[in-house]
Amino acid sequence: MKRFINIIILGIAANGVFAQSPMDEGFQLLEKGDFSKAEIFFDDFLKDHPDNKTAQICYGRAVGLNGNPNKANTLFNVLMTQHPDDYEVRINYYESFLWGKQYKAAEKLYAGLVEDYPNKFGAILGYANTLSNLQKYDEALTWIEKALLLQPGNPSALISKKYMNLGLANTLVQTQDYDGAKIKLKTIFNDFENDRETLLNLANVFLITKEVDSAKATYRRLAINAKDSIVALNGIALAEHIGEKDKEALKVSVLAKNKVSSISDSELREKTYERYAQALIWNRKFVTAKKYINSLSSQYGDRNWVLALRATLGMYTGNIKKSLAHYDAILASDSTSFDGNLGKANALFALGQIEEAYAATYKTLDIFENQKDAQGLIEKINGQYSPYVQETASYSFDNGNNLAYATNTTVNLPVSAKFQSSVNYQYRLTENAATSAKANTHTATVGLTYALIPKLKVVGVAGMNNAQFDGNAYTQPILNAKLVTEPYRLQNLELGYQREVQNFNTDLIEREIVMQHYGLNYNLGSNVGLGWYTQLIHTQQSDDNQRDLLFTSLYYTALRKPTLKFGLNYQYLSFAEQVSTIYFSPEKYQAGEIFAELGGKFASNSTYRINAATGLQQVEDDDMTSIFRVEMNVKHQFSKRLSGGFYGKYSNIASATAAGFQFTEIGLQLKWLFKKQPFFFDKVASR
């Protein structure tokens, strides 16, 4: 918010300075704010009347208010030597410090003046304005109330009071005391009903706090003329977006765009065109948005707001490198641009350049102190790279009388933005209710992840699996290695190898079956909601059997908030040897299904996700049978560092387990960031 510098004409006429009629023309020039002509007038007047104190004061005021405060200060300083105890000379001399923005010096001078003249309105008003310029808003408001007791309803004092409350509200916003800011802003309406600046600031606070309905209502109060009606529509469109009603945002933006064509305000037209382009992007109408932004570029050139639109489009469509180039272009012409600085920080984060993203975000905070979005990005990065411990406890059962209780503890320790380490321990107790057979396994691993370059990392996990059953035991090494990359935007590829020991039930544990998987996972996204995921796995087992698995899914994202996704899945499974008495191992198994997934928030800090699928499956050449599976989880964010929830899943797909049974699992999860910042945070933040 623009900080108001309170510089006023202190009512020379009221103090007796406008008493001589030969200077009436000069007085009128001062009152109208025509300081250049006033300076010439009084300069000429003083040539014939060099000792006229009133003319000297008026000349000093004209000089200072005409952009030369230092010269005015010198003129008044000379007058002070001639009239050291003259109130009019003193108050104008002190005010000249305000014109030159020497607020600290003015504060001391005005403090002495109000002590000598406790009932002088001009002295008290000047002191209040000085305190306001020093952002001592609470003290300033105390003194402005004293001034208003002397002259109730004085327009200059009321205007000063308004800007003091605006300044104090802005300070409260910066410290995230939003309730306090709203209270201060609303008090302004006592003196200035439906004040435009106040309404805009109040609406902005409501947007920050995501009080969408209050923001829209405030913008509607603003709409009292043609121009402000469009300003209000632009604000309401943003409020609809924040409220996750992007279709409504676009409708409102279209209305504003149609109305602004008849308005001669070029700045308002640009802001309206900008909001309309943003609304197209929010609604993922990327082709239309690109064409429209190109038309704006043809009309306005590569202005910063046009570049910001291109950058936003790139962020939404996954073209992050182009977005970064646009943000750099913005900063080349305006290093203090909010869009440029925070946009660049988000782009760097999306590209995996974490240390650079931290630096760009802190640069934004240096310019825009305590800015909420920038602080939110810092918290987001911290949340991704802060060390944490996660605990999962589960219970599962199937229609083969197998039961299992398991706990899984993971400690993740990111050493740097490129290098992360983890430790995992899993305990699993399995038993069969029919045979009373029991077995338990202990699995401990250490994992390392290293980003060779952004968007290309290697993951390695090594450990031991210890199994105990019927007085017997064995220990097997387990390994997992994979390469994770994004070969092109909107694509993800994983190539991996895994060595694990079968531990689904007691019978399989006793057989000590070691599996070596060679796999590929590939996901291809798009900007139109369509996606394609494929998984290929070849498995070699220690019992000389082999397995090949193909899973592919074509899906469409219909909604994003809440998330609604649906599609088709196909799975093919084949074993080289059929040992059905031991585990599910058909020569040929196929399954096709339709699925839907819904996810979102049901409270401010609580989320849900439900995935369900149904279809048909065929084992060998047997008749097809129906399949059904469902999985759901609920999570709650208890604090910024603690989250937890529960999950459940059921499946009767024959390939869901090694035994080919119906399978149910329920579990609890808890995650705690035991440091609020990454280990490397201090090193990055100090740069």
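Because only heavy atoms are used, hydrogens play no part in the values below, and waters and symmetry mates are left out as well, while side chains stay in.
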Residue pairs, two or more places apart or on separate chains, that pass ring pair (Phe, Tyr, Trp, His ring centres under 6.0 Å) and touch residues 602-626 = none
inquiry  = Which residues pass the side-chain contact (heavy atoms from CB on, under 4.5 Å) test with L550, not counting sequence neighbours?
reply    = T534, L536, Y570, Y572
With E494 via salt bridge (charged side-chain N to carboxylate O under 4.0 Å, His left out) - residues at least two apart = K482
inquiry  = Once salt bridge (charged side-chain N to carboxylate O under 4.0 Å, His left out) is applied, do any residues pair with K322, and if so which ones, sequence neighbours excluded?
reply    = none
ask   = Please, which pairs that meet ring pair (Phe, Tyr, Trp, His ring centres under 6.0 Å) have at least one residue in residues 435-465, sequence neighbours excluded?
value = Y427-H442
ask   = In chain order, what residues pass the side-chain contact (heavy atoms from CB on, under 4.5 Å) check against N503, with sequence neighbours excluded?
value = Q426, R428, T441, I509
key: Pair listing, side chain to side chain donor-acceptor pair (under 3.5 Å) test, anchored in residues 633-642, at least two apart   = E379-K640, S606-H636
request  = Sequence neighbours left out, what passes side-chain contact (heavy atoms from CB on, under 4.5 Å) with A215? Give chain and number order.
outcome  = F206, L207, A239
query = Residues in salt bridge (charged side-chain N to carboxylate O under 4.0 Å, His left out) with E577, at least two apart?
reply = none
remark   = Residue pairs passing the salt bridge (charged side-chain N to carboxylate O under 4.0 Å, His left out) test with at least one member in residues 588-597, sequence neighbours excluded, are K588-D621, E593-R629, E597-R609
remark   = So the ring pair (Phe, Tyr, Trp, His ring centres under 6.0 Å) pairs with at least one residue in residues 517-544 (sequence neighbours excluded) are Y497-Y518
task = Would you please name every residue forming a side-chain contact (heavy atoms from CB on, under 4.5 Å) with F566, sequence neighbours left out?
result = Y556, A558, A596
